[in-house]
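Here's the structure we're looking at; comments come further down.
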Amino acid sequence: MIKTFAELDLDPNLLQAIESMGFSRPTEIQAQAIPAALDGRDVLASAPTGTGKTAAFVLPALQFLQDFPRRKPGPARVLILTPTRELAMQVADQARALAQHTSLNIFTITGGVQYQEHADILAKTQDIVVATPGRLMEYIEAERFDCRAIEWLILDEADRMLDMGFGPVVDKLSTECRWRKQTLLFSATLEGKGVEGFSAGLLNEPAELDAEPSRRERKKIAQWYHRADTAEHKLELLKAILTSQAERSIVFLKTRERLAELRTELERAEIPCAWIQGEMPQDRRNNAIARFRDGAVNVLLATDVAARGIDLPDISHVINYDMPRSADVYLHRIGRTARAGKKGNAISLVEAHDQPMMDRVARYVKEDIKERFVDGLRPKHKKPVFKKKKKKDDKKKAAAKSKKKVAKKK
Ligand code: ADP
Ligand code: MG
């Protein structure tokens, strides 16, 4: 088992960058994916949020570009697709940091950016392009982006791309990149939502990697919940938590409308916050994220779409002001805290109608998530009890799972 970056056959200039970024050893997924990709194999990888998937695909791509340097200027050779523009920018930032001692060019092509800016990029030699599927497809259809030179196609957060309805566009892009040599697909989970079926059409006998993070990497997240009698009670709980215990928090809401309401309430309570939501101009989003990242504000309000994949360092609390619509989304949300081995807290504020989701989450994460109380804000109502339904679904899932296991053993 690989324990150090030095064992990974990476160029000294990459090792130097890795060291200056403070990575002392590869994470589990990096130790698995880097050798497989450098072996020339397609890769189908899943690992939980915050376990270093970005470097797991960027490093082998950078190594490949150096092993086979381009002979003349030209279009991109590695294409990385991400579901959101923030994520594209983060992946590009990390790629630039890792490529700091090379002469490789890394660009992003996403929505929310002036067309002129892209015209400048497209006229240049690009080694790596990080893109969101929609805008890239526009350029391809206008014959302004040339996929024929793409040798590696990488899909980051494939599960979320499917969730967001990018499946058909990604399929098209894959066809456009049909001369590629390798395809790498990364996802937080491969379960549900058809990632596996989707990947079957894109990948060729991939190395299937499923990295359970080591204990050192596994996050230490304390999870608990507070019950609220009413919406007003919930707001009081949030204000109490934000002003007394939480240091740096991200608060999740289910819609922009809900976010706007809460923003007004927090303003009224003089709790400074920044906020991000889908369909927000790029510069304003960046601004909000920067204010939070720099510590100008310690509370960030977000919807799920907006927060997906963003790496915000040092979040002490993830607060579910609105419960997520699924246990899977819960896991993604709480993945915002306790990154790279730090401790974190995840708090859910639960009204009576949220209790079934809270129970489902507890079963899903296989943890006993305890109820806690805030002095003076104890709920007056009793905890509602919902009978656990025996669902056909569960049985089906169990059957599918055991089938999968058998298939894997072959
Ligand atoms: P994921 O995509 O799996 O959610 P990221 O690639 O965003 O995770 O990485 C999460 C954080 O961990 C980032 O801040 C990244 O810089 C850091 N990181 C990545 N690899 C390592 C490593 N080998 N050692 C320490 N930190 C790392
Ligand atoms: Mg990621």
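Counting starts at 1 for both ligands and their atoms, in listed order.
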For T54, the atoms of ligand 1 under 4.0 Å from one of its heavy atoms are 2 (O), 5 (P), 6 (O), 7 (O)
Under the 3.5 angstrom rule, does the side chain of Q182 hit a backbone N or O of L153 as a donor-acceptor pair? no
Looking only at distances, can you tell me whether any N or O atom of F5, backbone or side chain, sits closer than 3.5 Å to an N or O atom of ligand 1? no
4.5 Å side-chain heavy-atom contact, S249 and L300: no
Can we say E371 and K383 salt-bridge, meaning some charged N sits less than 4.0 Å from an Asp/Glu carboxylate O? no
Quick test of your reading of the model: are D39 and R41 salt-bridged, counting only N-O distances below 4.0 Å? no
Among Q30, E157, H332, closest by any non-hydrogen atom to atom 20 (N) of ligand 1: Q30
Would one find an N or O of S24, backbone or side chain, under 3.5 Å from an N or O of ligand 1? no
Determine whether any heavy atom of M21 lies closer than 4.0 Å to an atom of ligand 1. no
Could you tell me how the ring of H118 sits relative to the ring of Y115: parallel (under 30°), tilted (30 to 60°) or perpendicular (over 60°)? perpendicular
Are the ring centres of Y321 and F252 closer than 6.0 Å? no
Ligand 1 atoms nearer than 4.0 angstrom to some heavy atom of R25 are 22 (C), 23 (N), 24 (N)
List every atom of ligand 1 that sits less than 4.0 Å from any heavy atom of T51, numbering the atoms from 1 in the order shown and giving each element. 1 (P), 3 (O), 8 (O)
With the threshold set at under 4.0 angstrom, would you say G50 reaches ligand 1 through any of its heavy atoms? yes
Does P48 approach ligand 1 within less than 4.0 angstrom via side chain, backbone, both or neither, non-hydrogen atoms only? backbone
When you compare ligand 1 with G22, is there at least one nitrogen or oxygen pair between them that comes in under 3.5 angstrom? no
Working for salt bridge (Lys or Arg N to Asp or Glu O under 4.0 Å), residues D156 and K53: CA-CA 8 Å; D156 190 20; K53 289 191 287 296; over 6 Å; no
